[in-house]
Number of protein chains: 2
Amino acid sequence: MRRRRKTEARKRTKPPGIREIAQTLGISIGTVDRALHDRPGINQTTRAKVLELAERVGYRPNLAARFLSSRKQWRVGVNLPKEIASFFDLVRDGIQDVARSFESNGVRVVHRSYPRLGEGEIEALEAALDDNIDGLVIAPGRPESLAPLMRRAVGRGIPVVCVNTDAPGIEHLATVSVDSATSGSLVGELMGRFLGGEGRVVVVTGQLSTVDHLQKLDGFRKEIAERWPSLGIAAVVEAHDDENEAYEKCRQVLATTPDLAGVYVSTANSIPVMRALDDQGLGGSVTIITTDLFPALAPLIESGRISATIYQRPWVQGQIAFQAIYKFLVEGVTPPAVNRLSPHVVMRSNLKLFLERMRSDTTEVDGGGARRSEAGTARHGSIATFADEIR
Amino acid sequence: MRRRRKTEARKRTKPPGIREIAQTLGISIGTVDRALHDRPGINQTTRAKVLELAERVGYRPNLAARFLSSRKQWRVGVNLPKEIASFFDLVRDGIQDVARSFESNGVRVVHRSYPRLGEGEIEALEAALDDNIDGLVIAPGRPESLAPLMRRAVGRGIPVVCVNTDAPGIEHLATVSVDSATSGSLVGELMGRFLGGEGRVVVVTGQLSTVDHLQKLDGFRKEIAERWPSLGIAAVVEAHDDENEAYEKCRQVLATTPDLAGVYVSTANSIPVMRALDDQGLGGSVTIITTDLFPALAPLIESGRISATIYQRPWVQGQIAFQAIYKFLVEGVTPPAVNRLSPHVVMRSNLKLFLERMRSDTTEVDGGGARRSEAGTARHGSIATFADEIR
DNA sequence: TTGAAAGCGATACCAC
DNA sequence: GTGGTATCGCTTTCAA
């Protein structure tokens, strides 16, 4: 009796395929295929009939069969800068790790790297377009100058996903990034609470012409203005992500701000700022909140010199960006146009979780030594690694 | 010239399959298959030869072909409590969303729900085992009483993944949860900074016999002891996740702690605590940090009455748990035994990001209105939704 | 112990 | 416009 129940549960009716549709309509599978894919050479009436039936029986294509029979290879271009490596290497890893799972599905990743944000990105994008890529992940450093090429890509029907920073005014499939405004206001709130709502703060940013940087500043300003009236912004330093510029400008500002209570560094350029603080003798007394996480930052958080840093989750950004393109290409699903990740707050107490994962990041792939599962395939070279990065 | 380059790039040599292996060895693909899968009825010498060659040419099975030809259905059991819904519903969603992507790959999810943690979980697990599940996701409320059944499952070779809380002493494939100790010490650090390192704090927990709860308390204690010597713990209240108990016990404690500076609620049971604080007239003056996020908490964070809450990322927990089982079953990859997520800090400034996604969570699936992609399949019923939940 | 062949459910091409 | 069929790379079964 129980036995029978079990058997029944297993033997659910097979989902309808094009063969079933063809049969009930008394036509051939070739025609069904033409109808389902808007292929030329089919009578509109037949087409309509097929689509109606497909809809009615809830036809869903068997993707495994599709991948197997189709010779089509989707090639996804990943155009990202080399610097800042602590960030973009992890974006690449996130993409690579999820892409591996889909290799059998005919999707491959083609990387193109260039020196830094905005430096070489045009050439890289040109190369990708020349290469007839089917999908694209980019981090537009200078969206304005990239616009013509991006429009060309979009015009060709290529799904383009921006990571880390948006390309305002240029239509594209989706953007994945941390919510910059929230990032800024989050720091505002932390700063407000850490300082008991009193004191003057310096903000160090990159360049306010970059949307991302401006939004962080605005978010910070807004939070301060609305919630922490006794907190003031002593200065906003644009350091253009340059170490020397950051150091020099900060020294000047610090010299004229003896009562400094806090510093917010809204880009990854925090090391020179720390040096300037030290050289100014403000080492221990100032509450510092930074952005991003890289090895050199760890000891400073560990020692308490930096109170918190805002982690922008590069691995997850890559993961989501790739999935968006994959699902669009393969499954025909359009992702949300905007994917705003919530930034992580990293402080001394949770730092070690992030570091552990950063380490595993540089570890050899087969370190885990996959045991054999029943599937019995692991021994033939690891088929996929388990994503063990920071999420 | 350029043209030739492109063509070449496209025409990379086809990866070797069992057919190639069979050919070079002068045997049949049937034999190769037997060798690769440890199937009976094969000469050990042949077997060795096949394996050696497979290794040497870097053979990797084409999963699409495998899924297509194999009639095997993997059924993954998901045994989770109904309560607390704000948490476990999202775990289920995380599982469901990634599972959908793998439906064509012969993996299906079988849900079994029971009233609450530890209440009905034995029966549910028994049912799952009777049902001959191939993989299992559970949240062991009472690991000790679940132990025999879990061992039975593991003994049968079923990959078991625990979410939210561990099952210490019981061997299983993996555990996915927030790092409780870090969760506690993170709150300790926040509390220390928010209070300027001064004052007495009450901790409200569930039951210290639960590993998870104890670890949070320990993490909190450790952080306070090591870093915030002027911060004291006035009392630890065990409320057993019961509203009345929380309310009554808190009223008592609060009455005898007039100088209270902060409250840390380390489970989702924060509402009655808030009520007790109000009734005691301590509404505005106390710094409160809670755990988890659910609709009723939002206005309290918004208004600033709760300074921060620790979000345990249920959706991501589900996602990782399912992926661990999937990769083990299908790809033969063993995941890390322990997956400790970093808890998120949610405060007023980043709350809206979480709420936006909570809303989309209750939205109809086709709300986004998938546009057609070139793949041309979206119209036939959405093949997969884009995961839009909180990560 | 091994070989041969029939699927799996699509795509793609050729013939009518 | 439409039908038929080879094919993708593997699993599974039946014969030898």
Side-chain angles (χ1 to χ4, degrees), chain A residues 13-50 54 57-74 103-106 330-332 374-377 380 383, chain B residues 13-50 54 57-74 103-106 330-332 374-377 380 383:
Chain A
T13 46
K14 173 170 74 82
I18 57 170
R19 170 168 247 117
E20 283 64 44
I21 295 181
Q23 229 153 29
T24 48
L25 250 39
I27 59 178
S28 79
I29 61 170
T31 303
V32 175
D33 182 66
R34 281 183 275 264
L36 292 176
H37 293 296
D38 260 346
R39 285 189 231 281
I42 181 175
N43 185 318
Q44 284 307 312
T45 324
T46 345
R47 210 181 89 85
K49 264 194 265 187
V50 171
V57 300
Y59 167 75
R60 297 175 53 192
N62 180 320
L63 295 187
R66 169 124 96 208
F67 298 134
L68 185 58
S69 75
S70 168
R71 313 260 47 190
K72 173 103 193 129
Q73 281 275 356
W74 301 107
E103 265 177 11
S104 294
N105 298 4
V330 172
E331 302 177 351
E374 208 188 318
T377 45
H380 316 122
I383 290 180
Chain B
T13 46
K14 173 170 73 81
I18 57 171
R19 170 168 246 117
E20 282 66 44
I21 294 181
Q23 230 153 28
T24 49
L25 251 37
I27 61 179
S28 79
I29 62 169
T31 302
V32 174
D33 182 67
R34 280 183 275 264
L36 291 176
H37 293 294
D38 260 346
R39 286 191 230 281
I42 182 176
N43 186 316
Q44 284 308 313
T45 324
T46 341
R47 210 181 89 84
K49 264 193 265 186
V50 171
V57 300
Y59 167 74
R60 296 176 53 192
N62 180 319
L63 294 186
R66 168 123 98 210
F67 298 134
L68 185 57
S69 77
S70 171
R71 311 265 46 192
K72 173 102 194 127
Q73 281 274 358
W74 300 108
E103 265 177 12
S104 294
N105 298 3
V330 172
E331 301 177 352
E374 206 188 317
T377 45
H380 315 123
I383 290 181

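Here the structure is a predicted model, which means the values were calculated and not measured. Letters A, B, ... mirror the listed sequences (proteins, then strands); counts begin at 1.
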A/N62 CG to C/dG9 C1', in whole Å, measures 6 Å
In whole angstrom, give the distance that lies between atom NE2 of B/H37 and atom C1' of D/dT11. 8 Å
Of B/I42 and B/S69, the one whose closest DNA chain C nucleotide lies more 5': B/I42
Please check the phosphate of D/dG3 (OP1 and OP2 only) for any side-chain N or O of A/T31 closer than 4.0 Å. yes
Taking for each residue the nucleotide of DNA chain D with the nearest heavy atom, is it A/A65 or B/G30 whose nucleotide lies nearer the 5' end? A/A65
Does a side-chain N or O from A/Y59 land closer than 4.0 Å to OP1 or OP2 of C/dG9, or not? no
From A/N62 CG over to A/K14 NZ, what is the distance, rounded to the nearest 0.5 angstrom? 10.0 Å
Could you give the CZ-to-P distance, from B/R19 to C/dA4, as a whole number of Å? 12 Å
Regarding B/G17, tell me which of base, sugar-phosphate or nothing describes its non-hydrogen contacts under 4.0 Å with the strands shown. sugar-phosphate
Atom of B/S28, atom of B/A22 and distance for their closest heavy-atom approach: C-CB, 3.7 Å
To the nearest Å, how far apart are A/K14 NZ and C/dC8 P? 7 Å
B/L68, nearest nucleotide to its side chain (from C/dA10, D/dT11, C/dC8): C/dC8
Provide, to the nearest angstrom, the distance between the CG atom belonging to A/D33 and the P atom belonging to C/dT11. 5 Å
Okay, side chain of B/T24, backbone of B/E20: is any donor-acceptor separation there less than 3.5 Å? yes
Check: B/N43 main-chain N/O paired with B/T46 side-chain donor or acceptor under 3.5 Å: yes
Using a cut-off of 4.0 Å on non-hydrogen atoms, how would the nucleic acid contact of B/I27 be classed: base, sugar-phosphate, or nothing? sugar-phosphate
Is the phosphate of C/dT11, meaning OP1 or OP2, less than 4.0 Å from a side-chain N or O of A/S70? no
Which nucleotide sits closest to the side chain of B/R34: D/dG9, D/dT13, C/dA10? D/dT13
Nearest-Å distance, CD1 (B/I29) to C1' (D/dC8)? 12 Å
Please determine, for the side chain of B/T46, which listed nucleotide (C/dG3, C/dT1, D/dC10) has the closest atom? C/dT1
Find the distance B/R60:CZ to D/dC10:P and express it as a whole number of Å. 12 Å
Once you apply a heavy-atom cut-off of 4.0 Å, does B/N43 come out as touching a base, just sugar-phosphate, or nothing? sugar-phosphate
A/V330 vs A/R66, test: side chain to side chain contact (heavy atoms under 4.5 Å, CB included). Steps then yes/no. CA-CA 10 Å; A/V330 172; A/R66 169 124 96 208; over 6 Å; no
Separation of atom CG in A/L25 from atom P in D/dG1, rounded to whole Å: 17 Å
